[in-house]
Structure formats: structure tokens, C-alpha cells
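To keep things clear, I will list the structure first and then write my remarks on it.
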Amino acid sequence: LDEPMAMDIFPDGKIIFIERTGAIKLFDPDSGNIQIVSSINVFTRQEEGLLGIAIDPGWKNNHWIYLYYTPKKDNGAIRLSRFVFVNNSLQLSSEKIMLKVPTLKGQELFHAAGSIEFDDKGFLYLSTGDNSAHSGNEYALIDERQGRSGWLTAGLNRGRVVYQPGVDPPAVLHAAHEAIAKQPQD
């Protein structure tokens, strides 16, 4: 395995699991075999990549699975997308982007994460990382108490965008994303 991240179980007992580097694999408990059923070309720097998977509770009827991943070509946001998975095959052309979570890029920005889960009422939940620097300070960069920097300030105060209290966070995120999108990426 190459950095396994998450798994889910189909109604027939087969287990689908993902690797951060983009592989989607299926384990058949009857045969004991693991097969690669698809691969997504993902951006893997700063801990990003293929991060989460969930099977729709109505999969027997709709054949939907959900993936949370950073596409290689459009890596300014991590996508939560829905795909059709039928006959042990992921139909890449069926992708429906449900949500884009903007991420900031920089040499010191990490803590990408993502887990997606359905609750018993069919609601899909997404958890994310804080996309911040790991500067070695003695506190979490999401700690916004007096005298400590929030993640936007800590992650972007290097000549880019600084969080401004009272400013609508989506506007700040958009401004930060625009500033970083103008920088060369590999």
C-alpha cells in the first residue's frame, strides 16, 4: 500500500479504499484479491492528494461514491465530487463537483486532511485540515486568542494576505486564493 487514507464497505462486503497518491482499490473478501479499479491524477504536495471516500447510502440504486481530492491540474481547491461506480469500475467522466474547498499554497502551508462520512439520515459530512504552517510554535495556528495568530495571519503574513477581523472570511479566502494563484506553481 502507498499511503492508504480511507475506506468504505459496499453492501456486498467488498471494501473500496484509497491511497493519497491517487489509486482507488477494491478488496474482495471472497477471493482475498485486491485490484486497482481506477486512479486519479492528484496534486500530492503539502499533504494533499486523494483524501476521502464515502459510498452513498443509496448506492444499490444510484451507484454513487464520493471522493475528496486535489486535482493535479486545478490544485487551488480540494474537490468533493460524486462519481458513478458500477461493475467494479469508477466512471471518471461521471464526475459531479459538489464543493470546492479553497486551499492556500506556499512552502510552509500544510495540514491538508479530509474525511467524508454519511450519517444515519443520509447527510454527508466533510472534515478538513487547517491548511496552515507548522512553524514550530507551541500552539495550534488555529488558536485565535489574544497574542496568537489565526491561521490566515500565520500562513500568509509573509508578504501576502493578512486576516482582518470583521472582514467576511470567504472574501478573505478569495483574496488569499487570488494572491497565491498568481504565484508560479509546479
Side-chain angles (χ1 to χ4, degrees), residues 1-105 109-132 169-170 173-174 176-178 180-181 185-186:
L1 298 178
D2 185 14
E3 296 186 64
M5 297 298 291
M7 66 179 186
D8 207 344
I9 303 172
F10 285 103
D12 66 1
K14 291 180 180 171
I15 300 171
I16 190 165
F17 62 97
I18 59 171
E19 296 175 347
R20 190 178 71 85
T21 53
I24 302 165
K25 296 182 176 181
L26 189 67
F27 171 71
D28 184 338
D30 293 333
S31 68
N33 292 331
I34 295 174
Q35 72 179 84
I36 297 174
V37 294
S38 192
S39 184
I40 295 182
N41 196 9
V42 294
F43 177 81
T44 58
R45 292 185 57 208
Q46 285 131 334
E47 301 172 349
E48 294 182 32
L50 181 53
L51 302 173
I53 187 167
I55 299 170
D56 192 280
W59 180 84
K60 283 185 177 182
N61 297 318
N62 60 30
H63 302 288
W64 293 339
I65 68 167
Y66 297 80
L67 297 174
Y68 186 61
Y69 75 101
T70 309
K72 183 137 185 136
K73 291 189 177 185
D74 177 21
N75 63 37
I78 304 177
R79 290 181 186 175
L80 174 60
S81 291
R82 184 181 73 204
F83 293 87
V84 171
F85 186 86
V86 65
N87 298 323
N88 296 339
S89 178
L90 181 71
Q91 310 297 312
L92 291 172
S93 63
S94 71
E95 180 177 19
K96 167 87 173 150
I97 300 169
M98 308 301 287
L99 178 69
K100 287 185 174 184
V101 178
T103 59
L104 309 172
K105 300 291 185 250
L109 296 173
F110 292 92
H111 305 153
S115 179
I116 51 180
E117 294 290 332
F118 281 94
D119 70 6
D120 60 353
K121 294 181 179 122
F123 290 103
L124 180 62
Y125 290 86
L126 165 67
S127 64
T128 67
D130 65 9
N131 189 218
S132 66
L173 287 174
H174 180 73
H177 180 260
E178 291 299 314
I180 290 176
Q185 302 285 321
D186 53 28

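Heavy atoms only: backbone and side chains are in, while hydrogens, waters and symmetry mates are out. Along the sequence shown, residues carry numbers from 1. Please read these numbers as outputs of a predicted model, since none were measured by experiment.
The aromatic rings of Phe118 and Tyr66 lie perpendicular to each other, with more than 60° between the two planes, well past the 30° mark.
With sequence neighbours left out, the side chain to side chain contact (heavy atoms under 4.5 Å, CB included) criterion links Pro29 to Lys14, Phe27. In this structure, the side chain to side chain contact (heavy atoms under 4.5 Å, CB included) partners of Leu99, at least two apart in sequence or on a different chain, are Leu80, Val101, Leu126.
If you look at Tyr69 and Phe43, their ring centroids are not closer than 6.0 Å.
To the nearest 0.5 angstrom, Phe83 atom CZ is 12.0 Å from Ser89 atom OG. The CD1 atom of Ile53 sits 5.0 Å away from atom CG of Leu67, with the distance rounded to the nearest 0.5 Å. The distance from atom OH of Tyr68 to atom CE of Met5, rounded to the nearest 0.5 Å, is 11.0 Å. Note that CD1 of Ile16 is 8.5 Å distant from CG of Asn88, once rounded to the nearest 0.5 Å.
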Practice task
Show the numbers, then the answer: is there a side chain to side chain contact (heavy atoms under 4.5 Å, CB included) between Ile24 and Ser39?
Solution key: CA-CA 6 Å; Ile24 302 165; Ser39 184; over 6 Å; no

Problem - Intermediate values then yes/no, side chain to side chain contact (heavy atoms under 4.5 Å, CB included), Ile97 and Ser81 - result: CA-CA 4 Å; Ile97 300 169; Ser81 291; 3.7 Å; yes

Practice task
Under the side chain to side chain contact (heavy atoms under 4.5 Å, CB included) rule, what do Ile55 and Ile9 come out as? Steps first, then yes or no, please.
Solution key: CA-CA 8 Å; Ile55 299 170; Ile9 303 172; 5.6 Å; no

Exercise for the section: Step by step, work out the side chain to side chain contact (heavy atoms under 4.5 Å, CB included) result for Ile116 and Tyr125. Expected result: CA-CA 5 Å; Ile116 51 180; Tyr125 290 86; over 6 Å; no

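Sequence neighbours left out, the pairs with a member in residues 17-38 that pass salt bridge (charged side-chain N to carboxylate O under 4.0 Å, His left out) are Glu3-Arg20, Glu19-Lys25.
Side-chain contact between Gln35 and Val37: present, with at least one pair of heavy atoms (C-beta onward) separated by less than 4.5 Å.
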